[in-house]
Amino acid sequence: MSVEATNPTDKAAQRGFLYALAAYLIWGFLPFYMKAVAHIPAIEVVAHRVIWSLPIAGGLLIWLGRTDDIMRALRSPRTLMMGALTAALISINWCVYVWAIAVDRALETALGYYINPLFSILLGAVVLGEKLNRMQIVAIVLAVLAVLILTWENGGLPWVSIALAVSWGFYALFKKTLPIGPAQGFFLEVLILAVPALAFIGWAQATGTGHFGSQSATDLWLLVGSGVVTAIPLIFYANGAKLLRLSTIGIMQYIAPTMIFIVAVFVFREPFSSERAVAFALIWVALVIYSWSMLNAKASANAITSSQ
């Protein structure tokens with residue numbers, strides 16, 4: 001008897017795919033939103049992203065009935081320290097990203113998020129002692145070569161790309177050590193960041209440099225909306241990741257940087273030199289090799305399981 005496509009496992013996978021796709025599409029279109037707030041300092045935008053993410057993340061936990069997890073986390077010094085570390089890393093990532101979009105360096109953000117999975121592989125090998133296969137080594141070498149080409153072209157390291165890849169890579173690594181779920185972890189992070197964020201916003205408003213309602217109603221709603229475009233895709237992603245295979249998520253993660261790349265070149269009209277073309281081509285080849293390696297490993301694992 002054949003298994004119908006409507007069985008619970010298939011339905012969960014379809015739901016997970018839609019969750020993950022929604023998250024990556026939102027992240028892909030996010031440069032347009034960040035361009036709209038480009039006249040506001042990046043640190044102020046990030047502060048508002050934190051503050052207005054808090055009620056959304058908190059409301060989700062109340063709806064899920066997981067507030068007890070947060071209460072336990074707040075009583076654990078170790079969890080609070082790890083939460084503060086991941087909060088610091090994600091805030092660095094956000095600040096660099098918002099600033100880069102504002103100053104017409106969206107292409108560098110795309111490169112950073114392309115490099116990220118390759119950096120994560122390297123991080124796993126160096127920090128966790130995970131073994132690299134030949135294809136993964138080749139992919140990392142190609143990524144390093146791409147960075148060297150951009151360094152030569154720019155006369156210095158493409159620090160935006162590197163900062164985004166490194167901050168997100170370490171964020172994902174340390175996030176695994178948090179003894180709470182992804183939704184609870186996100187709430188804990190924005191809760192920790194809310195204190196300095198509120199202090200900064202209060203200071204900016206008091207000194208007349210803040211943009212929350214003092215300049216225009218448009219700025220006010222854009223800053224409030226920054227919490228929505230921050231929290232919603234992260235929540236979608238967390239739910240999608242739980243329902244999908246790692247290999248599926250691994251392939252889908254290229255959707256957002258590809259969209260950012262297209263927007264940067266064809267909408268924002270950022271310069272795309274021949275050196276940049278070569279660097280991106282090397283990265284794309286590296287990602288194909290990485291993806292092929294990942295899919296081969298998955299196929300081999302399934303073959304071994306089915307033979308037992």
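Reckoned from all heavy atoms, side chains included, excluding hydrogens, waters and symmetry mates.
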Discussion item. Which label fits Y290 and Y254: parallel for a plane angle under 30°, tilted from 30 to 60°, or perpendicular past 60°?
Written reply: perpendicular
Worksheet item: Do the rings of F200 and W203 sit parallel, tilted or perpendicular, given the 30° and 60° boundaries?
Response: tilted
So which heavy atom on [X] is nearest to which on [Y], and how close?
| X | Y | result |
| --- | --- | --- |
| T109 | A100 | CG2-CB, 3.5 Å |
| G112 | L164 | CA-CB, 4.5 Å |
| I192 | A84 | CD1-N, 3.6 Å |
| G83 | L178 | N-CD2, 3.7 Å |
| Q205 | H211 | OE1-N, 3.5 Å |
| A106 | A264 | CB-CB, 3.7 Å |

Does some side-chain heavy atom of [Y] sit less than 4.5 Å from a side-chain heavy atom of [X]?
| X | Y | value |
| --- | --- | --- |
| L222 | Y33 | yes |
| L142 | I283 | no |
| T79 | P179 | yes |
| E270 | V265 | no |
| M252 | I255 | yes |
| I137 | N133 | no |
| F187 | L54 | yes |
| R276 | L150 | yes |

Discussion item. Take a 6.0 Å sphere around CH2 of W52 and say whether it holds more than 12 heavy atoms from other residues, nucleotides or ligands.
Written reply: no
Distance in Å, [X] [atom1] paired with [Y] [atom2], rounded so as to fall on 0.5 Å steps:
| X | Y | atom1 | atom2 | value |
| --- | --- | --- | --- | --- |
| I162 | L157 | CD1 | CG | 4.5 Å |
| S226 | M34 | OG | CE | 6.5 Å |
| L89 | L85 | CG | CG | 5.0 Å |
| L80 | L74 | CG | CG | 6.0 Å |
| L188 | L193 | CG | CG | 9.5 Å |
| W27 | M259 | CH2 | CE | 12.5 Å |

Pair [X] and [Y], ring centroids less than 6.0 Å apart:
| X | Y | value |
| --- | --- | --- |
| F261 | F280 | yes |
| W94 | Y97 | no |
| F268 | F32 | yes |
| W159 | W99 | yes |

Is the backbone N or O of [Y] less than 3.5 Å from a side-chain atom of [X], with the two atoms forming a donor-acceptor pair by type?
| X | Y | result |
| --- | --- | --- |
| K175 | T86 | no |
| Y171 | A88 | no |
| N239 | I235 | yes |
| S76 | A73 | no |

Under 4.5 Å between side-chain heavy atoms, counting indirect links through other Ile/Leu/Val/Met/Phe/Trp/Tyr residues: same cluster for [X] and [Y] or not?
| X | Y | answer |
| --- | --- | --- |
| F266 | V263 | yes |
| V50 | L220 | yes |
| W152 | L145 | no |
| V288 | L122 | no |
| I62 | F186 | no |

Discussion item. Working note: L111 + V160, criterion side-chain contact (heavy atoms from CB on, under 4.5 Å); need CA distance, chi angles, decisive distance, verdict.
Written reply: CA-CA 9 Å; L111 180 66; V160 169; over 6 Å; no
Worksheet item: Salt bridge between E44 and R49, side-chain N to carboxylate O under 4.0 Å?
Response: no
Practice prompt. Compute whether any side-chain donor of one residue and acceptor of the other, for Y114 and T258, lie under 3.5 angstrom apart.
Written response: yes
Practice prompt. State whether a side-chain donor-acceptor pair under 3.5 Å links S161 with Y113.
Written response: no
Item to complete: Could you give me the CA-CA distance, side-chain angles and deciding distance for Q184 and L61, then say whether side-chain contact (heavy atoms from CB on, under 4.5 Å) is met?
Response: CA-CA 7 Å; Q184 298 94 311; L61 291 186; 3.7 Å; yes
Worksheet item: Given the rule in the side-chain contact (heavy atoms from CB on, under 4.5 Å) test, do L243 and Y19 qualify, once you have shown the distances and angles that lead to the verdict?
Response: CA-CA 9 Å; L243 298 171; Y19 277 134; 4.3 Å; yes
Item to complete: Decide yes or no on side-chain contact (heavy atoms from CB on, under 4.5 Å) for F119 and F170, but give the supporting numbers first.
Response: CA-CA 9 Å; F119 176 74; F170 277 105; 3.9 Å; yes
